Amino acid sequence: MTQQDIQVQDGQELREAKKYFSYHLLEWYQGQKRDLPWRRHRNPYYIWISEIMLQQTRVDTVIPYFNRFIERFPTVESLADAPEEDVLKCWEGLGYYSRARNIQHAAKQVKELYGGQVPNDREAVFSLKGVGPYTAGAILSIAFNRPEPAVDGNVMRVLSRYFLIEDDIAKGPTRVKMERLAAELIPEGEAASFNQALMELGALVCTPKSPRCLTCPVMEHCAARLAGCETSLPVKTKAKPPRPEERLAALIEGRGAHAGQVLIRQRPQSGLLARMWELPHWPAPHGEGGAKGARLPEAAALDRLRRSLWEAGISARPEKHWMAAEHIFSHIVWTLQVYRCSEEDALPLPIAAEGRAVYNADADLFSGIDSSMPIERFEDGTASPEDGGAVRWISREDMANYAFPNVFLKLLNLYFDEQEERAKLEQ
DNA sequence: AACACGGGGCG
DNA sequence: CGCCCAGTGTT
């Protein structure tokens, strides 16, 4: 046999393997597909919302969010016309909050540019904020049955194993390669089912850690399984570890008119957790010579927090360490040491002859001196700098009106639970 | 190409 | 409890 003959034969085998794959996968999907809320209709708006939510988030987590979201914003227009804070509140706990802001921006695009109908051509779908190559393909194929690839992590895992592709899936060109392959595999007129089948297989059978090969509809011709290397695929470079950040947080209990309330602060309009609400917190000074992760001595922490509060224009006195909490991002780990503080009637006498603090977005801290910066006050006495730093006194009931990252949601609920317990005991 | 951007599940 | 999972936007 000549070299050319071998290549021809390999080419034929590959074509056979592809046809086999598509046929059996589709067959399997008809019988195994899960009943999911967004699969009950072929509503492009539902498909779109679900696909955005499903980015970086698993199906079980998304389902309740999707149902609430559709109930609250049933149409593109209702989403476009809603206050942004309502959309954020609906997204609370899902993470990656820019998805929520992008989706509303895109809803306005759809309303104004496409008469409220999700467009079905590639250019238009791709131009929507928050819609990249994967989501565009998912919308076009699932909602409109157009033969576009929709390559996510599941799909790359399945394809890398079945075709034994050892390219690093963290690299950009690999995704493009996978898209070409995925497009070839779509059976005529079956884009919607086939693309969902591919992802369903990745989610239910061809899982990252211990794939259920024995129940796989295409195991017979899976190159990785035949080679015994399925668990070492796909190849992916590791992300670098998150950097640790120690922070001092203030749980400030109101007095007088604010009795029973707690002070919260709004984050800046861009960057990490943009526009979400939180307990005020600042970087802890580095423990000089102290053991890693060790708490600052109580007195030093109280002092430092007192200073930070004062610099932020908040009149409160740190009293006592309450608890520690962790918040893990993909790139940062916050260790929050939370201190109970009590509201004071007025700013205390200056600790030092410094003016108002300036928010330094780069370092995420309030520092520096700018006595010209005014303190804006609302009628209820709360302050509101332009870019974050707005503060409010809230009770448990008011939590429904503000969107919090999970760690603060938990801290606030714990605190209010404790207060209720205390009130009961005193009776 | 590298980094920013949350949260949850699994073994 | 350490490890893993992942699209889009920005730079």
Side-chain angles (χ1 to χ4, degrees), chain A residues 48-65 88 90-106 109 125-139 149-158 160 167-176 178-179 182 195 199 202-204 206-212 231-245 267-278 293 325-336 361-364 403-410:
Chain A
W48 170 35
I49 299 301
S50 67
E51 289 301 337
I52 298 293
M53 287 185 170
L54 287 164
Q55 292 168 6
Q56 292 98 12
T57 312
R58 45 180 8 92
V59 167
D60 291 343
T61 306
V62 164
I63 290 173
Y65 279 94
L88 261 188
C90 225
W91 210 269
E92 180 185 73
L94 254 189
Y96 286 97
Y97 299 98
S98 64
R99 291 186 295 171
R101 289 195 287 148
N102 289 342
I103 212 174
Q104 196 190 17
H105 179 103
Q109 288 179 291
V125 172
F126 204 83
S127 75
L128 299 177
K129 192 90 166 173
V131 175
Y134 164 71
T135 310
I139 293 172
V151 174
D152 68 353
N154 285 315
V155 173
M156 288 203 275
R157 187 170 57 253
V158 171
S160 71
D167 303 54
D168 183 349
I169 64 166
K171 306 282 186 192
T174 306
R175 201 205 71 231
V176 175
M178 295 281 188
E179 282 174 347
N195 282 354
M199 293 187 268
L204 300 180
C206 197
T207 52
K209 290 287 189 60
S210 40
R212 301 163 173 82
T231 52
S232 54
L233 287 174
V235 173
K236 196 172 92 172
T237 55
K238 274 189 193 163
K240 64 173 188 179
R243 65 175 186 276
E245 280 189 15
R267 294 185 60 82
Q269 60 170 327
S270 62
L272 191 65
L273 302 168
R275 289 183 227 182
M276 302 286 284
W277 292 79
E278 64 182 4
E326 243 185 18
H327 195 51
I328 302 173
F329 304 86
S330 45
H331 55 314
I332 308 171
V333 179
W334 279 350
T335 303
L336 299 169
D362 289 335
D364 188 24
F404 299 95
N406 262 358
V407 66
F408 296 110
L409 215 48
K410 286 172 187 163

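All values reported here derive from a predicted model rather than from experimental measurement. Here is how names work: the chains are called A, B, and so on, in the same order as the sequence lines, proteins then strands, and each is numbered from 1.
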Item to check | A/Lys410, nearest nucleotide to its side chain (from C/dG7, B/dG8, B/dG6) | outcome: B/dG8

Checklist outcome for this item: Closest of B/dG8, B/dG11, C/dA6 to the A/Ser210 side chain is B/dG11

Item to check | Residue A/Lys129, side-chain heavy atoms: nucleotide from C/dG9, B/dG8, C/dT8 that is nearest | outcome: C/dG9

Next on the checklist: In the structure I gave you, are the side-chain heavy atoms of A/Gln104 and A/Lys129 within less than 4.5 Å of one another anywhere?
Outcome noted: no

Item to check | DNA chain B: 5'-proximal contact among A/Arg58 and A/Ile332 (nearest heavy atom) | outcome: A/Ile332

Checklist entry - Over how many whole Å does the gap from A/Lys171 atom NZ to B/dA2 atom C1' extend? => result 10 Å

Next on the checklist: With a cut-off of less than 4.0 Å, is there a side-chain N or O of A/His331 near OP1 or OP2 of B/dC5?
Outcome noted: yes

Item to check | Any A/Lys238 side-chain N or O less than 4.0 Å from OP1/OP2 of C/dC5 | outcome: no

Checklist entry - Just by distance, with hydrogens left out, do A/Glu51 and A/Tyr134 show a side-chain donor and acceptor under 3.5 Å apart? => result yes

Checklist outcome for this item: Rounded to whole Å, CG of A/Leu94 lies from P of C/dC5 at a distance of 20 Å

Item to check | side-chain N/O A/Thr57 vs B/dG6 OP1/OP2, d < 4.0 Å | outcome: no

Checklist entry - Which part of the nucleic acid, if any, lies within reach of A/Asn102 when heavy atoms closer than 4.0 Å are counted: base, sugar-phosphate only, or nothing? => result sugar-phosphate

Checklist entry - Is the gap between the ring centers of A/Trp91 and A/Tyr96 under 6.0 Å? => result no

Checklist entry - Which whole-number value in Å describes the distance from A/Tyr96 OH to C/dT10 P? => result 15 Å

Next on the checklist: Applying a 4.0 Å non-hydrogen cut-off, can you work out what A/Ser98 is touching in the nucleic acid: base, sugar-phosphate, or nothing?
Outcome noted: nothing

Item to check | Rounded interatomic separation in angstrom, taking CD1 from A/Ile52 and C1' from C/dG9 | outcome: 12 Å

Checklist entry - Base, sugar-phosphate, or nothing: which does A/Gly172 touch, judged by heavy atoms less than 4.0 Å apart? => result nothing

Checklist entry - Given B/dG7, is OP1 or OP2 found less than 4.0 Å from the side-chain N or O atoms of A/Tyr97? => result yes

Checklist outcome for this item: Considering only heavy side-chain atoms of A/Pro208, the closest of B/dG6, C/dG7, C/dC5 is C/dC5

Checklist entry - Any donor-acceptor pair under 3.5 Å joining the side chain of A/Tyr134 to the base of C/dA6? => result no

Checklist entry - With distance as the sole criterion, is a donor-acceptor pair present between the side chains of A/Arg157 and A/Asn154 under 3.5 Å? => result yes

Next on the checklist: Using atom C1' in both nucleotides, what's the gap between C/dA6 and B/dA2 to the nearest angstrom?
Outcome noted: 16 Å

Next on the checklist: For a quick check of understanding: with a heavy-atom distance under 4.0 Å over all strands, which category does A/Ile328 fall into, base, sugar-phosphate or nothing?
Outcome noted: base

Checklist entry - For the pair made of CD in A/Glu92 and P in B/dG6, what is the distance, rounded to whole Å? => result 14 Å

Item to check | Value in whole Å for how far the P atom of B/dA4 lies from CG of A/Leu272 | outcome: 10 Å

Next on the checklist: Taking B/dC5 as the reference, what is the distance to C/dC5 when you measure between their P atoms (whole Å, please)?
Outcome noted: 22 Å

Item to check | Distance, rounded to the nearest Å, where A/Phe329 contributes CZ and B/dC3 contributes C1' | outcome: 16 Å

Next on the checklist: Please tell me if A/His327 has a side-chain N or O lying less than 4.0 Å from either OP1 or OP2 of B/dG7.
Outcome noted: yes

Checklist entry - How is A/Gln56 classified with respect to the nucleic acid when contacts are heavy atoms under 4.0 Å: base, sugar-phosphate, or nothing? => result base

Checklist entry - How far does the C1' atom of B/dG9 sit from the matching atom of C/dT8, given to the nearest Å? => result 23 Å

Next on the checklist: Looking only at the side chain of A/Leu273 (C-beta and beyond, no hydrogens), which of the listed nucleotides B/dG6, B/dA1, B/dC3 gets closest?
Outcome noted: B/dG6

Checklist entry - Do the ring planes of A/Phe329 and A/Trp334 sit parallel (below 30°), tilted (30 to 60°) or perpendicular (above 60°)? => result perpendicular

Next on the checklist: Can you confirm whether A/Glu245 sits close enough to A/Thr335 that some side-chain heavy atom of one is under 4.5 Å from a side-chain heavy atom of the other?
Outcome noted: no

Item to check | Contact check, side chains of A/Val333 and A/Arg243, non-hydrogen atoms, under 4.5 Å | outcome: no

Next on the checklist: When you measure from the side-chain N and O atoms of A/Lys236 to the phosphate of C/dC5, is any distance below 4.0 Å, counting only OP1 and OP2?
Outcome noted: yes

Checklist entry - Between C/dA6 and A/Arg157, is there an OP1 or OP2 to side-chain N/O distance shorter than 4.0 Å? => result yes

Next on the checklist: Counting only side-chain heavy atoms from C-beta out, which of B/dC5, C/dT8, B/dC3 sits nearest to A/Pro133?
Outcome noted: C/dT8

Checklist entry - Rounded to whole angstrom units, what separation is found between the CD atom of A/Glu326 and the P atom of B/dG6? => result 17 Å

